[in-house]
Structures are given as C-alpha cells and as structure tokens.
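Each remark here refers to the structure printed beneath this line.
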Amino acid sequence: MLNRLVLWLALPWFLGACTHATDTQRPPVALDASATRVPPKESPELLQSIAFGSCNKVDLPQPLFRQLALEKPQLWIWTGDVIYGDSRDPAVLSQKYAAQLQQPDYASFLASGVQVIGTWDDHDYGEKNSGREYPTRAASMQLFLDFVNEPKNSPRRQQSGIYTRYRFGPEGKRVKVLLTDNRYNRDSPGAQADILGAEQWQWLEKEMLTQDAELLLLVSGTQVLPADHRYEKWADWPAARQRLIDLLARAPYPNIIIISGDRHLAELSKLDLPSGKTLWEITSSGLTHSYQEATDAVSPNSLRVGPLLTRLNYGMLQIDWKSSPPAVSLEVRDINRAPILQQKVPLAR
Ligand SMILES: [Fe+2]
C-alpha cells in the first residue's frame, strides 16, 4: 500500500522530468544563412552606404526590409534583438533565427547582395537584461554566429563573446567597425561592475589604439552616451562606461561614431570631450515595434541633439568621400525612406 502511495505521489514529478528532459534535448534547428552573399569579411571596396537596425520580432510584419532592399546599402549591421528568443532552450532561439532567415522581406533584402554583420543584445542573447549568468550563453553564441553566416572555422567562434572587427575600403578611405558584445561577460549592474570582460577589453584597447582607418564605428547593443533615462544603458555600469569614454578619448581616431539600438526609439546624442574631440551616438531601434508613447519626460537625454523619434525606423550612414573634407551623414529613416533625423558630420583629418 505504502509502495503504491509513493509511486502515485512520484508520478507527476516523473512525468514532469520526462517532459523537461525532452525539451532540453530537442536539438537546435540547423540554420542555413547561405542567402547572405558571402560570409561577412573585410573588403577593400569603397564603403559609402551603411544601414543598421535593431529590435525585430519574427512574428510581426517587417515592412522596413522592403524599403531597405530599395535603399541597397552595401552593409547591414544588426545592432541587437534580431529575434526575441527569450528562452534558455537553444532550440527555441534557433527556430526563431530560422524563421527570420525565411521571412520574405528579409530574404529579399539579403538577395539584394548586402553584406550582413552584427552583434546582439539581450533578447537574441536569450533573456531580458541578462549577462554572464545566462546559463546557455555558449550555445546562444554559436546560433547567433550561424545566423550571420560566420564560418564554422572562424576564430570568432572560439572567443569569450561575439565581439569582432571589420575594415572596409581602400587605404586612405577606410572604415573600421568594432562590434562589441555587451552580454557574454557582463556583470550585474553596479558602481564598479564590468560589461566587456578582460579578454574583450584587451582586444578593444588594441583596436582603438591602432589607427588603420579614417572613420571608426563602435557598435553597442545598448546605449553608451545617454545616461539620464531609467532603462538599461552603459551608465548603469559607471566605471565601465567611464573606461570606454576614456579609451575613446585616447584613441587616435579624430572621427568616432557610436551606433546603438535597444530602446525602441531613435535619437542622436553628442558628447564633447575635454580634448576637443566630439563623440556622436546614433541610436536606431524599432524595426517591427516601437515605444510610441515615449516622450522626453519618460526618456530624458541631456546629450540629445534633434528629435526623439518613436516611429518604426532604421539607421543609415552615407559617406561622401568626394566632398572636401569628406563627410558622413547620420540618418534615421522611416517606412517612407524619409530621413526623419539627419546630421552631417565632416570627417576631420
Ligand atoms: Fe528590443
């Protein structure tokens, strides 16, 4: 009788354990990212047109990719939240990446021949506002790299995080893109807490202090400069943010533009450093959904230049190498491809 009672009480646990085991053992879907023209790689081709965007839900319409296919940028930079995976089961993430690769508007954008690179933020990493404590980060990393068609033998797959560098363009007209990883080694927020981890800092310092391009683009999923709002941002790790700003100040690049996403809104921020150097940050977020109620009261930013934009949007950088001096136009565009935010920045020599 007692044996039967124990068996009866244990049955729900046994069934639950079986279900859980089945879930975690479900293999991730193999991703076919071959629709991208070639695996992302550095190129001597002159780079004049870059587009970027973030915060993209697979189960929502993605009308901006139809417009992006018409824009024909040479380079597309994912700046985080490619999917809303939000799961500790890698199979859930891979299914959403596979669905994104098959999404018709995105697929036709890829077919336009655009080169695709990118980094992640929290939702594609796998869990809202998560960092190094996220238990399936290693599997998550390989899936993201599959999605951007990173070769299987790439050293990037062996790192502690998906940070990487690309250089585009011929000597004298070169753009260097540094993609940071704000998740893989990120501590919980705190005064002395870190975001990048020792390995990535070492890499970033080396890249920043080596001047081998005319324009440096630093890509971060979360915002670097804006410090006044209550949402996640580098300023929640003040020591790490200061370390980054000090490094940007020391870097021998006269022209540095930060690109970020995450916020479901778009804005331009500007920080004048004591050295006389100016840092620009263009935030574009909301490819499929946006924070339409956002106002300056709920998202203050004392460094903002121009409007706070809450429509669906993508970002563009148009580089005019022929003007004297060369200049880059920082833009945010809406569904009509209209630049709803535009700032021309001359490139200092
Ligand atoms: Fe998002």
Side-chain angles (χ1 to χ4, degrees), residues 51-65 68 76-88 92-97 99-101 103 105-106 109 116-131 134 137 140-141 143-144 147-148 161-162 179-184 186 189 195 219-227 229-237 258-269 281-295 298-299 301 304 308-315 332-335 340-341:
F52 56 95
S54 65
C55 297
N56 185 70
K57 288 190 177 176
V58 172
D59 53 356
L60 287 178
Q62 301 186 5
L64 296 187
F65 284 114
L68 280 157
W76 168 254
I77 308 176
W78 279 110
T79 54
D81 294 348
V82 172
I83 56 163
Y84 281 68
D86 299 325
S87 172
R88 294 185 172 189
V92 171
L93 270 61
S94 68
Q95 280 157 8
K96 291 186 180 179
Y97 282 127
Q100 181 59 32
L101 287 168
Q103 205 282 344
D105 295 319
Y106 183 60
F109 176 48
V116 176
I117 62 174
T119 192
W120 56 17
D121 197 24
D122 51 347
H123 293 283
D124 37 5
Y125 180 58
E127 202 160 86
K128 187 172 172 58
N129 293 354
S130 58
Y134 175 64
R137 62 180 185 163
S140 203
M141 172 168 151
L143 290 174
F144 184 92
F147 175 76
V148 292
I162 61 168
L179 301 175
T180 61
D181 182 329
N182 300 344
R183 297 290 158 193
Y184 206 85
R186 203 210 68 181
I195 294 182
V219 181
S220 166
T222 46
Q223 288 184 309
V224 175
L225 299 181
H229 62 74
R230 63 189 169 87
Y231 304 96
E232 196 184 40
K233 57 197 172 297
W234 271 73
D236 299 332
W237 289 260
I258 303 167
I259 297 173
S260 58
D262 175 46
R263 295 294 322 289
H264 304 182
L265 52 77
E267 62 185 350
L268 184 65
S269 308
E281 177 168 348
I282 180 166
T283 303
S284 167
S285 163
L287 285 167
T288 61
H289 55 294
S290 62
Y291 187 6
Q292 293 187 11
E293 308 76 33
T295 59
V298 295
S299 187
N301 177 4
R304 187 185 307 125
L308 171 70
L309 298 162
T310 58
R311 272 176 265 171
L312 297 186
N313 66 84
Y314 56 91
V332 172
R333 297 189 174 206
D334 67 4
I335 183 83
I340 50 178
L341 188 157

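The figures that follow rest on heavy atoms only: side chains count, while hydrogens, waters and symmetry mates do not. Remember, it's 1-based here, ligands and their atoms both numbered in the order they're listed.
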- Determine, step by step, whether Ile162 and Leu179 satisfy the side chain to side chain contact (heavy atoms under 4.5 Å, CB included) criterion, reporting the C-alpha distance in whole Å, the side-chain angles of both residues, the deciding distance to 0.1 Å, and the verdict. CA-CA 8 Å; Ile162 61 168; Leu179 301 175; over 6 Å; no

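- Considering only residues two or more places apart in sequence or on other chains, His264 meets the side chain to side chain donor-acceptor pair (under 3.5 Å) condition with Tyr84.
- At distances below 3.5 Å, not a single donor-acceptor pair connects side-chain atoms of Asn301 with backbone N or O atoms of Pro226.
- Every residue two or more places apart in sequence or in another chain that forms a side chain to side chain donor-acceptor pair (under 3.5 Å) with Trp234 is listed here: Ser220.
- Partners of Ser284 under the side chain to side chain contact (heavy atoms under 4.5 Å, CB included) rule, at least two apart in sequence or in another chain, are Phe52, Asn313.
- Inside a sphere of radius 2.8 Å centred on the Fe ion (ligand 1), the protein N/O/S atoms present are Cys55 SG, Asp81 OD2, Tyr84 OH, His264 NE2.
- Without hydrogens or angle criteria, Arg183 side chain to Ser130 main chain gives a donor-acceptor distance under 3.5 Å.
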